[in-house]
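Data block below; observations after.
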Amino acid sequence: MSLRTAARLLQRNVPRLAARPAASAAVAAARLPLRTVTRPLGATRHASSTPKGDPGLDPSIAVRDLTDAEYADRADADMDLLHEAIEVLVEDFGAANWEVEYSSGVMTVTLPPIGTYVINKQPPNHQIWVSSPVSGPQRFSYGKDVEGWVHHRKAGVSLGALLDAEFKVLLKEQLNEEGWEGTGLK
């Protein structure tokens, strides 16, 4: 619904709502004059979460401005590679209750008692997001100088290196296991 449509609906309904005996705070606020805010075409109210418009982006990190098709190809290929590697981790090296599920661009890696990883594609931002029980939430954009997914705020941190390191430490600490070859991502 556009702002103009919402304003018309509110103007039509305010007199009817105001006539009710027990006017709520919402109705009282609706009696205030409406203010129309105009912005130049393309302007936003807040900073974008995309790398290009992210004020927290480390200027030393060069990210590639991918087209939607390029992003889909790279993200799909890397998520498939990651899924296969994590299946090996879970089935061949992990505990009996470890699981990995991948559907509709969202991968869930459940590692009791450690926690759950959620790794998912973010097509609007051209990123891959990771929620880690070890290191917390992180976002990765495709590198310009480096072929692979790089942390969008921390120079030198890649998706593959982060997950390899965390999973290998968890295997060693929790199960005293070694030998997993890693994610295969850079």
Value rounded to 0.5 Å, distance of CD in E166 from CD1 in I114: 10.5 Å
Pairwise distance CG(D65) to CD(E70) - rounded to 0.5 angstrom: 9.0 Å
L175 side chain reached by F93 side chain, heavy atoms, under 4.5 Å: no
Cluster overlap L111 with V169, hydrophobic side-chain contacts below 4.5 Å: no
Closest non-hydrogen atom pair, A62 against D145: CB-OD2, 3.6 Å
Derivation and outcome, side chain to side chain donor-acceptor pair (under 3.5 Å), residues D68 and H126: CA-CA 8 Å; D68 290 344; H126 291 182; 2.6 Å; yes
CD on E87 to CG on L89, rounded to 0.5 Å: 10.5 Å
Within-4.5 Å side-chain heavy-atom neighbours: Q138 and H151: yes
Note, L82 side chain near Y102 side chain (heavy atom, < 4.5 Å): no
Q127 CD to H152 NE2 distance, which is reported to the nearest 0.5 Å: 6.0 Å
Sidechain-backbone polar pair: S158 side chain, K186 backbone, donor-acceptor under 3.5 Å: yes
Salt bridge (charged side-chain N to carboxylate O under 4.0 Å, His left out) between E177 and K172, intermediate numbers included: CA-CA 5 Å; E177 285 281 345; K172 180 73 175 154; over 6 Å; no
hydrophobic_cluster_shared for V134 and L163, side chain cutoff 4.5 Å: yes
Side-chain heavy atoms of P113 within contact of Q174, under 4.5 Å: yes
Distance-minimising heavy-atom pair for Q122 and Y71: N-OH, 3.0 Å
Considering all heavy atoms, the nearest R153-R139 contact: NH2-NH2, 3.6 Å
Between Y117 and F167, ring centroids under 6.0 Å: yes
Steps toward side-chain contact (heavy atoms from CB on, under 4.5 Å) verdict (L159, I128): CA-CA 9 Å; L159 175 61; I128 293 178; 4.1 Å; yes
Closest non-hydrogen atom pair, D164 against T183: OD1-N, 2.6 Å
Worked verdict on W149 versus V63 for side-chain contact (heavy atoms from CB on, under 4.5 Å): CA-CA 9 Å; W149 299 96; V63 295; over 6 Å; no
For the student: nearest non-hydrogen atoms of S132 and S135, plus distance: OG-N, 3.0 Å
Test item: M107 and N120 side chains (from C-beta on) under 4.5 Å apart, heavy atoms: no
Heavy-atom check, side chain of P133 versus side chain of T116, under 4.5 Å: no
Donor-acceptor side-chain pairing of T108 and E101 below 3.5 angstrom: no
is_close_aromatic(F140, W129), centroid dist under 6.0 Å: no
Where W180 and V88 come nearest, the two heavy atoms and their spacing: CD1-CG1, 4.2 Å
Side chain to side chain, E99 and V109, heavy atoms closer than 4.5 Å: no
Those residues that, when tested against D76, pass salt bridge (charged side-chain N to carboxylate O under 4.0 Å, His left out) (two or more places apart): K121
H83 and V100: CA distance, side-chain angles, deciding distance, side-chain contact (heavy atoms from CB on, under 4.5 Å) verdict: CA-CA 8 Å; H83 180 235; V100 60; 3.9 Å; yes
K168/E181 ion pair, N-O < 4.0 Å: no
Single-linkage hydrophobic cluster V118~L170, side-chain heavy atoms < 4.5 angstrom: no
Candidate pair Y142 and E147, rule side-chain contact (heavy atoms from CB on, under 4.5 Å), full reasoning: CA-CA 7 Å; Y142 204 81; E147 289 292 318; 3.0 Å; yes
